[in-house]
Structures are given as structure tokens and as C-alpha cells.
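Every number for a ligand or one of its atoms is a count from 1 in the order of the listing. Note that the numbering runs from 1 along the sequence shown for the chain.
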Amino acid sequence: MFEQLALLPDDPILSLIGAFLQDNNPLKVDLGAGVYKDETGIAPILTTVKAAEHKYLSEQTSKTYTGIAGDMEYNHCIEQLIFGQQHPALQAQRISTIQTPGSSGGLYLAAQLIARSNPNSKLWLSQPTWDNHYAIFASANIATAAYPYYRIGQQTIDFEQMLNTLRDEAKAGDAVLLHGCCHNPSGADLSPQQWRDLTALVLEKDLVPVIDQAYQGFAHSLEEDAYGIRYMAEHLPELIVSASCSKNFTLYRERTGSISVLSSNSKQNRSIVSQLLAIARACYSIPPANGAAIVKTILMDEASRLAWQAEVETMRQRLLAMRTQLAEQLQQKQQQVDFSYLLKQHGMFSFLPLNTAQITALREQHSIYMVGSGRISFTGLTTANIDYAADAIAAVIK
Ligand code: PMP
């Protein structure tokens, strides 16, 4: 049976991590991985997360199965974090949320839900987007297409082309994948006005947004980063949000996320949830418990919640400091490229305008690692290595 199977190529990011680990240069810098690292280069567990985990584990009395929807208290807390406590769609009971194994799990359920609701629906993805979006939706046999989003040459969003493509080519019932904030890979986010304009088009064309929210708290603040989701949930009949606690709770391997679906009324929502539970049951059955228990322990206690918010802000500030310093240093060290665009972008990632030869030279001559697209992750920079990294990048650009 297995003779038929082809050997698939390695995941490019995992290959990059492997090459980085084998590099003996003490000056090496990893600008590839999308995991927050602190000033010492360590991917930390937040103090509030460690404390909540300790409390939860010390009080845990059983490891029996939970329901397929996961922990209902977590679902309630996460829904409030995403949509805000007083959101009219929550009050009208038009939103239902279930726990998922990360946002990857949430997106998987979203893909299968779309396939069950409207198998002819096409999913529109930003050009470029997180590579795994394609794989997840392909696994549900959903046709995909790209809408223009980020112009690599100009380093800005091409909003007009994005709207034109969706207006001219998308069909009623198609889904549009959007990044809630901190667009991966470009770091270029829609402005509040652009969210409002896009919402008007989505309404006019009868499209269904699927919003992937993997970095809430890393652009401006936990509240501001939810603007697009909250605005769309207020003005649209239908919406899917897949959210992740991997980054803002540093829970990566605990696989903690959610899917929320907004529909026209609470009766429709019951049908949707029954479908989501059936999809989950046939796949992973129930989501892992630890991460969700940690998140709810934090969010249900006012003092822990505030302490966690402060920790998210510390991560955000550090990424911003590295972004600002890199932009300033690159500007000082060379004149060919205007790097001020980096200051308008948010979160872990941005593109550097580097070609394949320059990216290879950075890796082979300077032990600086980044993915082939030129996307860099600011988490790999520290005050100790930023001068070295900026010198090397400026040298290959000149
Ligand atoms: N969406 C985007 C845009 C991401 O960058 C990531 C993480 N790299 C994910 C989803 C997956 O997150 P999770 O760990 O919650 O599955």
C-alpha cells in the first residue's frame, strides 16, 4: 500500500531551524521562527501562565474527557477577549465559540464547515499569506484564489486592487480570509477606515469573512487589535473567527485556540455548532485541556488578567523596539532603500527587500537566517545582536 507514496519536501521553516541549530558561528541570528523570544534569546513562558498552570494542576482532580466543545468557561472568556464584553452580536446570542487545538485547528474546522455549508464556495486569500492557509483549506477541497494585498516593491497594501479583485471576481457565498492584525508575513494591517470599506464590499457582495487572529495584543493593544473583527461582527450577518493563544499566552505546544461563528440568529447558531462538533469528533474528538485551563484561570481573575496584559505589552514593546532600531540602523548604514515602511507595520514580521542571492549571502557569510521570501521575524533580534545583524543586512544591500 505505501509504495505509492511520494516523499514530500521538508517544510522550509523547519529546514531553516535545522540549519540554524547546526551552525557553530557564535554570532548567528535566527530571523526565521515566529516564536516570541526575549532579550536573552529565550522563548519564555509568561509568569502569569506559569502561575496559572501551577494553580490549575495543583487543584486538578481528574483527567476524564471534557466535551467536544472543550471548556465552556474558556470559550466564554475567549469570546469576550475577541469580541469585547458588550458586543451587540454576543448580546443577541448570534456568536458561538468552541475550543480548538490552536488557530490551526480553528481554521481546519472553518474549512470543513464551509465545505459542508457551500462546497462550491471559493476561499480568497491575501497575496501573500501564511503558507499553511492553503494547505488547511485544500484539505477540505475548498478552491482557493488570491486577492492582491501587499506590494512587495512598494512595501504597502494595495487596498484598491484588493477591493477591485473581490468586487469583480468573488461570487456571492465565497469566503475571504483576513488577518485580524499583524499580517503574516507582511506586518501590514488594514486601517480602521479600510476595515469599514471592506465590510461594505463584503456586505454588498454577500461574502463571508474568515478572520485569523493569531497575534492579538502585538500590534497596538488587545482592544485595538480586535477592531476589524468587532466592526465586522457588528455589521455583517455572518463571520468566522479563528483565534490563537499560542503567541499572546506563549502556549504554542499546548495547542490552545478557538473558532467563533456569527450567524443571523441563535437557532442557526445551534445548527452550526452541531456541525462543528461533528467535524471535531471525527478528527481529534476533544481539544487538549491544559492550555485552555491556563487561559481561563488568568482571564477569570482580575489581578491575573491585568498582570497578563502587562506581560503582553512587554512582548509588544520589545518587538517594537527591535523593529524601530533595525529600521533606524539600516537607514543610517545605507541609502539605497527607504526603510521607513518598517515603522508603519506591526507585529513579529515584515519583509526586507532582499533577493535570493542576498538572503543566501546573509546565511552563508554572516550566519543570519531568514526564509526565502525575505520575511524576517523581529523576535530573533536583541540589543546584543542588532548591530551585527544591521551591519550584515546593509552590507548585502550595498
Ligand atoms: N495563523 C497565523 C497567521 C499564524 O502565523 C499562525 C502561527 N504561526 C497560526 C495561524 C497558527 O497558530 P496556532 O499555533 O494557534 O495553530
Subject >> More than 12 heavy atoms from other groups under 6.0 Å of CG on Leu343 >> reply: yes
Subject >> For atom 4 (C) of ligand 1, the protein heavy atom that lies nearest, with its residue and separation >> reply: Tyr215 OH, 3.7 Å
Original post:
Between the side chain of Gln358 and the main-chain N/O of Asn355, is any donor-acceptor distance below 3.5 Å?
Top reply: yes
Subject >> Protein heavy atom at shortest distance from atom 9 (C) of ligand 1 >> reply: Trp130 CH2, 3.4 Å
**OP:** Ignoring hydrogens and angles, state whether a donor on the side chain of Ser62 or Thr64 is under 3.5 Å from an acceptor on the partner side chain.
**Re:** no
Original post:
What orientation do Phe249 and Trp308 show, parallel under 30°, tilted 30 to 60°, or perpendicular over 60°?
Top reply: parallel
Original post:
Are any of the N or O atoms of Ser246 closer than 3.5 Å to those of ligand 1?
Top reply: yes
Original post:
Tell me: protein heavy atom nearest atom 2 (C) of ligand 1, and distance?
Top reply: Asp212 OD2, 3.4 Å
Original post:
So, Ser242 versus Ser103: side-chain donor-acceptor pair below 3.5 Å or not?
Top reply: yes
Original post:
Can you list the ligand 1 atoms lying under 4.0 Å from a non-hydrogen atom of Gly102?
Top reply: 15 (O), 16 (O)
Original post:
Tyr227, Leu81: one ILVMFWY side-chain cluster at the under-4.5 Å cut-off?
Top reply: yes
Original post:
ligand 1 and Thr256, any nitrogen or oxygen pair closer than 3.5 angstrom?
Top reply: no
**OP:** Look only at the side chain of Arg230 and the backbone of Phe83, and say whether a donor-acceptor pair between them is shorter than 3.5 Å.
**Re:** yes
Original post:
Are His183 and ligand 1 in contact, using a heavy-atom cut-off of under 4.0 Å?
Top reply: no
**OP:** Considering the heavy atoms of Arg255, write down every atom of ligand 1 situated less than 4.0 Å from one of them.
**Re:** 13 (P), 14 (O), 16 (O)
Subject >> Region of Ala214 that comes within reach of ligand 1 [heavy atoms, distance under 4.0 Å] >> reply: side chain
Original post:
Taking non-hydrogen atoms only, is Ser104 closer than 4.0 angstrom to ligand 1 via side chain, backbone, both or neither?
Top reply: both
**OP:** Please say whether His133 places an N or O atom under 3.5 Å from an N or O atom belonging to ligand 1.
**Re:** no
Subject >> His179 N/O under 3.5 Å from ligand 1 N/O >> reply: no
**OP:** For Glu254 and Tyr252, indicate whether the former's side chain and the latter's backbone hold a donor-acceptor pair under 3.5 Å.
**Re:** no
**OP:** Verify, without hydrogens or angle tests, whether Arg318 (side chain) and Tyr36 (backbone) share a donor-acceptor contact under 3.5 angstrom.
**Re:** no
Original post:
In the protein, which heavy atom is nearest to atom 7 (C) of ligand 1, and how far is it?
Top reply: Lys247 NZ, 3.5 Å
Subject >> The one among Gly257, Ala33, Ser244 that brings a heavy atom closest to atom 12 (O) of ligand 1 >> reply: Ser244
